[in-house]
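To start, the structure under review is shown below, and the notes come after it.
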Amino acid sequence: MQSNDDNNPPSERSQTPPINHPEPAKTTPRKGGPGAFTTNATEHRLDIAKEMNPEMNLCNTFDNFTRYLPAEDVLDETIDLAVQSLQRKGSLVPRTVNELRFKGFQCSPSQSIKPTEEARFKPLIEIIKHLGEFVSEQGRVPSGFLVQEPNKFCQVETAGGNFKIDAYLRLTQSTVPAERKLERPLADVVIPCEFKTSRADRFQNRRQLLGHASFCMTDDPRRMHMYGITIEDSIMAIWHFTRGYSVKSPDFDFLAEYRLFIKIMLIFLFADQQKLGYDQSVRRCIDVQGDLCFVYQVNGKYYKTVRSIFEPRSLCITGRGTRVWQVVEVKSFDDLTPPLEGGPDMVLKDVWLDKGAMTEGQNYQAISDELEKIAKAVEDGEEPGFFFEFGPGQDRLKECLENRDWGRYFLTKECDWQGYESKELGDGATPNSRLFAVQPSDPQPPTSSLTSRSRNSSGRPTDPAGLRPRQRPRSYRSKQQYRVVYKEICKPLHDVRRFDDLTTALEDCVFALKLMFLTGWVHRDISSGNVYLFKDNQEAGQVRGILGDLEYAKRFSDTKFSLDPKTGTAYFMAVEIQTQQLMGSAIPAKERGTNPSNKDLDDEVKQMNNQAVVEIRGGVRHHFQHDIESVFWLLLWNLLRRFPSEQKGLDDAILTVFQDSSTCPPDRAEIINHEGALSEYLNEWLHKDLADLISPLVVLRRRLRAAYDGRPQKLEDRADYARLYRYTDWLLGKCRDVAMNPNLPPLVPWSSSLSPTIANTPSSADQPNQETSKRKRSPEERLDDDEHPQRARPKVEHPTPSPFVPQQSLAVLQNSSEGTDNLGDVEHDEENANGEHDADIDGAGQEDQNATRSGEIGFSDNDDATDLLGSEESDPSDDDEYIYVEEQDSE
């Protein structure tokens with residue numbers, strides 16, 4: 001029987017007693033994660049539900065749902081035998097002449113006179129026990145047994161697991177080594193179950209189960225997918241959670257449809273651990289120190305975890321689920337000694353990719369192959385036509401191509417492996433975003449004054465009618481495991497403690513983006529977790545930047561028809577990608593002119609805007625400028641978050657711009673779109689020792705915004721993109737100047753700041769973690785705490801570095817540049833979108849009267865844009881110290 005109230009709002013809620021917070025078990029040093037997961041998982045059930053809304057599908061019949069179960073069917077003859085066995089054991093008894101009923105449920109739980117919810121559902125223990133005995137009688141070992149301990153914690157391996165589960169199917173054969181002597185390890189909870197007596201509490205029940213599943217998939221590196229059960233009164237549903245999609249069965253009455261209940265339980269009890277979602281190529285082991293570690297099998301080799309570098313802490317189960325470990329090679333699961341004494345530590349990345357997608361290793365190889373072709377062409381004097389637009393930076397590119405040493409800016413692969421493929425989403429499952437009775441995730445309301453400040457109309461971006469994209473249908477793709485081992489152990493950008501080193505890492509990251517640009521590839525996921533600092537002990541301890549995470553890199557030509565969800569880390573995602581809305585019109589305002597009677601040009605604008613509409617109906621196309629904008633946001637986040645400050649309100653101010661949300665915060669859009677917004681924000685919040693960077697940041701922002709105006713017309717114009725790299729180089733050169741200040745404080749480590757995570761944001765939500773500012777919890781959130789309405793919420797500090805990832809790529813070189821004069825001459829003749837002379841190149845260096853901090857800054861005579869336009873003295877690429885060689889701490 002399928003209930004028709006999946007979309008009906010709840011009418012009443014229940015509360016249960018308070019509990020205390022459990023301590024995680026001792027293990028390989030793990031990362032507790034940022035924001036949401038460094039506190040208590042129960043506080044974020046509504047946030048998880050909001051992020052999971054667009055990931056949910058509802059099956060219309062149980063026949064359609066069986067494909068997601070561990071085995072697709074149990075024979076009717078087997079069910080008949082199980083019914084007879086239950087009758088003999090007294091679990092099934094006659095209710096009428098032709099009807100059977102479970103003995104412990106002579107009435108539904110809501111009609112029971114038993115005093116507690118636990119007592120009303122306790123008969124399930126005996127029923128599952130008898131079914132397990134039946135499985136044993138068939139010569140099989142039952143996969144698990146039902147445990148009902150609603151007032152006890154399970155032992156977790158990472159912080160934040162402050163929840164209790166009403167009941168759960170526990171593995172018969174534990175995945176935890178016996179030496180651990182754990183009574184209730186969460187790792188052995190194969191199917192969590194949540195019960196409610198009243199059907200009115202179904203949405204709360206579902207959110208509780210979803211929270212358990214989200215934490216289990218995060219806490220346990222062995223989980224590939226997961227099942228769950230909810231029961232409200234006698235109405236039952238089965239849930240299936242994967243990295244590609246999640247699906248709910250139709251509701252059915254487990255008392256009336258007892259044969260269906262028996263069938264489902266037998267499917268679970270007959271299943272092996274692999275089919276229940278446990279990865280058999282990863283094992284928990286005890287190392288020589290007696291601590292728990294994980295051993296991964298990769299292409300016939302075995303790697304033991306030494307420490308966690310990055311772990312998923314996304315509120316959304318769907319996505320890559322990236323884990324990165326420092327590892328050492330060992331002989332086998334059972335022999336944790338290295339094959340070679342003194343073998344080097346390496347980095348292992350475990351991630352879920354779209355089935356059929358190119359891997360990082362394949363992407364990097366393709367990029368490298370294309371760079372080899374370009375290098376040969378440059379040697380033959382056939383360099384790309386847009387090459388000179390890089391300015392002085394082109395010399396470094398030519399040298400890199402001549403020496404064939406582009407590999408130093410990417411990670412070096414030791415080995416890789418592709419594994420388990422999740423099932424495809426089948427027919428009969430339709431998207432349903434109302435299963436948890438929460439509204440879609442929205443950005444937090446701003447606490448600063450950016451969006452409420454007055455603006456004149458000339459400061460607004462052009463936003464032609466008709467360019468707002470239609471909502472794209474969500475594509476639910478199956479996923480495949482991918483593991484890769486890299487030789488370099490790097491330090492992710494958010495762990496770098498010196499500003500000069502951070503600048504080096506960003507400079508080399510931008511250089512790597514230029515190399516990709518030459519081949520026609522876009523990165524699509526620039527973040528603090530895939531820009532690294534590497535200390536090369538084979539080069540006298542030199543440090544250099546490395547760009548990782550090429551798994552979502554693509555040829556620009558392949559992005560045109562992409563139906564990918566929004567890809568990237570929300571903190572650093574370009575605004576157009578986050579909003580899926582173009583910023584500018586197809587023809588810039590200065591080219592359209594101001595004469596409204598110019599009908600021919602108006603028609604041309606209309607035609608090109610219509611083409612833009614067609615372009616973005618499949619989603620805004622990710623291009624090279626979006627990667628550069630991500631670098632802008634990455635630098636800005638580090639400047640604001642990681643320089644020590646006791647300024648009151650800074651955390652809230654940062655959260656108005658940087659949020660792990662699938663939607664773009666208003667203040668973020670304001671900064672990139674409107675004159676004066678960035679300078680006002682920086683003058684108020686940027687550390688005083690960084691004041692000299694306000695004007696350069698303002699210049700790059702303006703250049704980015706001006707380039708977006710008219711981008712639909714210049715989407716294939718490689719020269720237009722190349723100019724933006726020059727501005728980015730110039731800004732980072734200014735950062736290097738500031739870094740020379742001997743009094744500059746060290747950067748605050750990521751562990752003490754609000755930290756972003758990598759996300760693959762499907763059309764309305766993917767995956768990054770959502771950081772929440774301090775706020776009062778809504779009544780709905782408090783009621784959603786079930787047994788924890790008054791629990792203590794200790795603050796838990798956990799460092800959370802981020803993922804290492806290399807890349808590959810192929811690309812077709814496009815010579816699409818028309819000759820232009822020296823950039824300086826062009827820029828001095830340019831007008832900005834307001835029709836005013838561009839202040840960033842004539843020495844003014846300010847967006848409006850707020851562009852300097854109390855008149856302290858601005859461009860000096862030596863700071864004007866001639867630095868951008870070919871001045872060799874100012875170009876970092878010509879500096880002998882461009883790769884900073886001072887000894888650094890290494891990890």
Side-chain angles (χ1 to χ4, degrees), residues 19-33 36-45 48 143-195 207-230 239 241 243 268 273 276-280 282-286 291-294 305 308 311-315 317 321 323 785-788 791 794 796 798:
I19 58 175
N20 298 317
H21 185 73
E23 292 296 327
K26 187 178 181 184
T27 180
T28 291
R30 301 284 295 275
K31 303 300 177 182
F37 286 90
T38 55
T39 54
N40 293 328
T42 53
E43 291 190 27
H44 303 282
R45 283 177 177 158
I48 294 170
S143 61
F145 55 94
L146 192 66
V147 175
Q148 188 183 27
E149 296 178 330
N151 296 312
K152 294 182 179 180
F153 289 111
C154 290
Q155 288 127 324
V156 298
E157 293 168 358
T158 54
N162 66 320
F163 51 86
K164 297 174 182 176
I165 307 174
D166 284 344
Y168 51 89
L169 194 70
R170 177 172 175 171
L171 288 176
T172 303
Q173 298 176 341
S174 177
T175 66
V176 179
E179 296 93 325
R180 300 291 288 170
K181 298 180 180 179
L182 300 181
E183 295 182 18
R184 290 174 299 279
L186 186 66
D188 288 347
V189 174
V190 59
I191 302 176
C193 308
E194 281 298 320
F195 305 145
R207 290 195 293 267
Q208 288 170 206
L209 177 73
L210 178 63
H212 305 335
S214 175
F215 190 90
C216 286
M217 295 279 284
T218 297
D219 185 66
D220 190 350
R222 298 197 64 196
R223 304 278 184 163
M224 300 184 296
H225 56 84
M226 195 167 182
Y227 296 97
I229 293 174
T230 53
W239 302 72
F241 304 101
R243 291 296 182 189
F268 287 137
Q273 290 189 8
L276 290 170
Y278 286 89
D279 189 344
Q280 300 303 296
V282 184
R283 290 190 191 175
R284 286 177 172 80
C285 299
I286 300 296
D291 292 333
L292 183 68
C293 64
F294 296 92
T305 59
S308 171
E311 295 193 56
R313 283 299 181 269
S314 173
L315 295 174
I317 295 173
R323 298 181 194 274
D785 283 343
D786 63 311
E787 55 273 298
H788 328 70
R791 68 189 179 283
V796 184
H798 287 278

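What you are looking at is a predicted structure, and each value in this text was computed from that prediction instead of being measured. What you see below is based on every heavy atom in this structure, not just the backbone, and it leaves out hydrogens, waters and symmetry mates.
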Do the side chain of [X] and the main chain of [Y] share a donor and acceptor less than 3.5 angstrom apart?
X: R323; Y: T218; answer: yes
X: K164; Y: P150; answer: no
X: Q173; Y: L171; answer: no
X: Y227; Y: P192; answer: no
X: E194; Y: D166; answer: yes
X: N162; Y: A41; answer: yes

message: Going by the rule salt bridge (Lys or Arg N to Asp or Glu O under 4.0 Å), which residues pair with D279 if we only count those two or more places apart in sequence or in a different chain?
response: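 By the salt bridge (Lys or Arg N to Asp or Glu O under 4.0 Å) rule, D279 matches R483.
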
field: salt bridge (Lys or Arg N to Asp or Glu O under 4.0 Å) involving R283 - partner list, sequence neighbours excluded
entry: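 With neighbours one apart ignored, the set is empty.
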
message: F241: which residues meet the ring pair (Phe, Tyr, Trp, His ring centres under 6.0 Å) condition with it, sequence neighbours left out?
response: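 With neighbours one apart ignored, the set is empty.
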
message: My understanding is that only residues two or more places apart in sequence, or in another chain, count here; which of them pass ring pair (Phe, Tyr, Trp, His ring centres under 6.0 Å) with Y168?
response: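 So Y168 forms no ring pair (Phe, Tyr, Trp, His ring centres under 6.0 Å) with any residue.
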
- prompt: Does S174 have any side chain to side chain donor-acceptor pair (under 3.5 Å) partners at least two apart in sequence or in another chain, and if so, which?
  reply: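 Partners of S174 under the side chain to side chain donor-acceptor pair (under 3.5 Å) test: D188.
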
task: Would you please name every residue forming a side chain to side chain donor-acceptor pair (under 3.5 Å) with S143, sequence neighbours left out?
output: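 Not a single residue meets the side chain to side chain donor-acceptor pair (under 3.5 Å) criterion with S143.
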
Testing the basics here: between [X] and [Y], what is the closest heavy-atom pair and its distance to 0.1 Å?
X: L186; Y: R223; value: O-NH2, 3.1 Å
X: E183; Y: Q155; value: N-OE1, 3.4 Å
X: G211; Y: I48; value: CA-CD1, 4.3 Å
X: R170; Y: P185; value: NH2-CD, 3.5 Å
X: M217; Y: R243; value: O-NH2, 3.2 Å
X: L292; Y: E157; value: CD2-OE2, 3.4 Å

- prompt: To the nearest 0.5 Å, how far apart are CZ in F215 and SG in C154?
  reply: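 So the CZ of F215 and the SG of C154 are separated by 10.5 Å.
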
message: Check R284 with E179, please: is the shortest side-chain N to carboxylate O separation under 4.0 Å?
response: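 A salt bridge is absent here (no side-chain N lies under 4.0 Å from a carboxylate O).
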
